[in-house]
Amino acid sequence: MSKFLPVDEQMDLLEKGATEIVRVSDLRERLEDSRKTGRPLRVKAGFDPTAPDLHLGHTVLMRKLRHFQQLGHQVIFLIGDFTSLIGDPTGRNVTRKPLTLEQIQTNAATYKQQVFKILDEAKTEVRYNSEWLGKLDYEGTIRVTSHFTVSQMLERDEFHKRFQAEQPISLHELLYPVMQGYDSVALECDVELGGTDQKFNLQCGRDLQRHYGQKPQIILMTPILEGLDGVQKMSKSLNNAIGINEPPQEMYGKLMSISDELMWKYWELLTDIPQSEVNRLRNEVANGRQHPMALKTLLSQTIVSGFYSMEETLKAAHDWGTMHRQNVIPDDVERVAVSAGEVGWEVNKPIRLDKLLVAMGLAPSNSEAQRKIKEGALEVKGVGDRIKLYVPLEEPPCEMPPLRLGKRAKIAVIS
RNA sequence: GCACAGGUGGCCGAGCGGUUAAUGGCAGCAGACUGUAAAUCUGCCGCUCCUUGGAGCUACGGAGGUUCGAAUCCUCCCCUGUGCACCA
């Protein structure tokens with residue numbers, strides 16, 4: 001009796017949310033082999049630590065990795081500390097500025113810490129590609145790159161576009177796909193996962209493995225998750241991301257703000273609800289039997305509860321309802337510590353609200369805060385009208401009433 | 001190396017000596033409406049300081065220069081693209 005599930009059952013799970021598999025027949029075959037021999041497949045997905053935090057977009061791939069893990073295969077979480085030196089040109093119309101080694105290390109550390117919210121730490125092999133890429137000297141690099149031609153590289157969409165548009169393409173950027181391919185060789189991968197935008201890079205792995213006498217890896221691509229705007233891919237730098245480290249209120253609120261249309265993609269890629277059920281729900285909404293709002297609530301709870309306890313999730317949901325449905329600031333909102341000196345506040349003087357808002361993280365700059373205050377966007381709990389000027393206070397060690405600017409409300413604890 | 005074309009605020013893109021923090025579009029933020037959806041309408045959309053209105057500073061690749069005054073003219077430099085040359 002094999003320790004692996006029958007191939008059909010494995011495929012069911014693996015194919016959910018996968019846009020493309022190269023090739024499906026090969027994957028089946030390899031699963032069969034693994035079942036016979038009892039050898040788990042080696043499955044890798046790489047993440048470049050170019051941003052300080054992981055967001056839900058990253059989790060699409062991580063969740064797929066987990067599926068393999070659940071099926072008993074060997075999962076490799078590859079941290080592209082070396083490839084980050086270049087920066088994946090994917091989706092960029094401009095050359096990335098290289099990160100410093102320090103930034104990369106810091107980011108890698110947080111990745112490592114965050115990824116196990118999804119993957120089983122005990123069963124995950126965490127690797128860094130500096131392990132082998134760092135050892136590849138000039139000669140080695142020449143040998144590896146000699147397997148590719150320039151026109152091959154220029155076929156790649158991003159390069160092609162930039163070439164056509166007479167945009168700069170740095171030579172080292174061409175190396176990125178090569179390096180990613182070499183990762184597969186070094187790790188002897190059976191399967192590599194990646195976003196659909198990674199197709200070219202993933203293919204390079206196959207090519208290179210052939211040259212090195214390995215069986216070309218299967219590649220499995222997942223869709224790119226759109227961010228809150230519903231248009232561009234989720235990315236912290238595009239300011240449309242939901243970080244997996246964000247507090248539950250924040251996460252919940254952001255999820256509730258996505259468009260109805262986008263919600264289906266989130267159901268599909270960020271939950272374990274079977275596809276058939278998602279389709280059914282979608283039908284219900286189309287027929288008017290379900291209010292999209294109700295399903296969005298359910299979706300938000302489902303996702304948030306994957307990162308937080310049910311209790312925290314429900315509190316987030318409740319507070320959201322108070323704030324946005326009843327339009328009342330909840331009593332118990334996030335508290336932020338602010339020192340009186342930070343906002344230039346002295347006893348017996350009115351407090352500078354603009355500085356306070358910045359210190360609380362509700363506004364990006366004093367000027368911006370001032371504008372918003374003038375526009376009447378600031379709401380203070382307990383004060384009827386939206387205020388425009390200073391509120392007088394008692395003395396420094398104290399708590400301000402909850403302040404709301406836009407979608408968020410916080411309490412400043414001043415010391 | 002030579003020639004030509006370019007480098008403007010998050011992005012695109014006007015402006016080519018002075019009502020110019022710099023037209024317009026996109027994106028973003030806030031408000032109204034709503035389901036914090038979509039659509040729509042309104043305002044905002046460099047920073048800091050005093051403050052219901054002002055003041056100052058910074059900004060058109062970089063450094064100088066001409067001028068009462070420059071994103072706009074001149075010089076040098078840097079960067080990008082294209083073509084040519086070089087590849088003994």
Side-chain angles (χ1 to χ4, degrees), chain A residues 91-97 154 159-171 173 226-242 249-267 281-282 285-286 288 290-300 304 316-330 333 342-346 349-359 361-379 385-391 403-409:
Chain A
R92 300 269 158 173
N93 46 12
V94 285
T95 312
R96 275 198 191 190
K97 50 206 167 302
L154 286 180
F159 292 143
H160 188 74
K161 276 187 204 141
R162 274 157 66 179
F163 191 70
Q164 291 297 320
E166 302 190 347
Q167 296 285 311
I169 303 173
S170 292
L171 198 52
E173 291 180 87
E226 283 87 356
L228 299 174
D229 53 61
V231 180
Q232 294 189 274
K233 73 170 182 177
M234 187 177 284
S235 148
K236 193 149 187 177
S237 51
L238 292 173
N239 217 342
N240 64 359
I242 304 176
Q249 288 81 359
E250 203 73 19
M251 216 183 240
Y252 191 89
K254 286 184 176 180
L255 284 166
M256 287 305 288
S257 78
I258 64 171
S259 75
D260 292 354
E261 192 47 39
L262 186 60
M263 163 166 84
W264 303 113
K265 200 148 185 188
Y266 279 42
W267 272 112
L281 292 173
R282 192 169 186 159
V285 170
Q290 283 265 18
H291 195 295
M293 173 78 176
L295 286 183
K296 208 180 283 178
T297 305
L298 187 59
L299 172 72
S300 303
V304 173
H318 178 262
D319 283 355
W320 180 87
T322 308
M323 180 120 133
H324 299 289
R325 307 207 69 186
Q326 298 166 33
N327 205 24
V328 171
I329 303 175
V333 293
E342 192 181 344
V343 295
W345 182 36
E346 292 164 33
K349 272 182 66 185
I351 190 164
R352 282 277 302 271
L353 282 174
D354 56 343
K355 287 195 172 186
L356 181 64
L357 290 171
V358 172
L362 289 174
S365 71
N366 293 352
S367 299
E368 176 71 12
Q370 285 169 21
R371 274 183 233 118
K372 288 294 170 263
I373 292 170
K374 270 183 192 156
E375 285 175 30
L378 178 65
E379 185 181 345
D385 288 319
R386 305 229 155 167
I387 60 146
K388 297 195 175 176
L389 275 179
Y390 309 127
V391 270
L403 300 182
R404 174 184 182 180
L405 183 60
K407 293 168 186 159
R408 293 181 300 160

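Below, each value reflects all heavy atoms present in this structure, side chains not excepted, and no hydrogens, waters or symmetry copies. Letters A, B, ... are given to chains in the order of the sequence lines, protein chains preceding strands, and every chain is numbered from 1.
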Among A/Met256, A/Met251, A/Met263, find the residue that satisfies the side-chain contact (heavy atoms from CB on, under 4.5 Å) test when tested with A/Ser300.
A/Met256
Need one value for [X]: base, sugar-phosphate or nothing, where a base atom within 4.0 Å counts as base even if backbone is also close, heavy atoms only.
X: A/Glu261; result: nothing
X: A/Gly230; result: nothing
X: A/Asp260; result: base
X: A/Ser367; result: base
X: A/Ile258; result: sugar-phosphate
X: A/Lys355; result: sugar-phosphate

Presence of salt bridge, [Y] and [X], under 4.0 angstrom:
X: A/Glu342; Y: A/Arg352; answer: no
X: A/Glu368; Y: A/Lys372; answer: yes
X: A/Lys233; Y: A/Glu226; answer: no

Can you find a donor-acceptor pair, distance only, under 3.5 Å between A/Asn239 side chain and B/G10 base?
no
Could you tell me the Watson-Crick or G-U partner of [N], where both distances fall under 3.5 Å? Say none if there is no partner.
N: B/G46; result: B/C57
N: B/C87; result: none
N: B/U40; result: B/A32
N: B/U82; result: B/A3
N: B/U72; result: none
N: B/G10; result: B/C26

Taking 4.0 Å as the cut-off, does a side-chain nitrogen or oxygen of [X] come that near to OP1 or OP2 on [N]?
X: A/Arg325; N: B/U34; result: no
X: A/Ser365; N: B/U48; result: yes
X: A/Arg352; N: B/U48; result: no

Rounded to whole Å, the CG-C1' distance (A/Leu171 to B/U80) equals 16 Å
Checking contacts here: which listed nucleotide (B/C49, B/A38, B/G35) is nearest the side-chain heavy atoms of A/Asn366?
B/C49
Hey, which of these two, A/Gly406 or A/Arg371, hits RNA chain B nearer its 5' end, going by closest nucleotide?
A/Gly406
Please report the C-alpha distance between A/Asp319 and A/Tyr252 in whole Å, then the side-chain angles of each, then the deciding distance to 0.1 Å, and finally whether the side chain to side chain contact (heavy atoms under 4.5 Å, CB included) criterion is met.
CA-CA 10 Å; A/Asp319 283 355; A/Tyr252 191 89; over 6 Å; no
Distance between the P atoms of B/A70 and B/G24, in whole angstroms?
24 Å
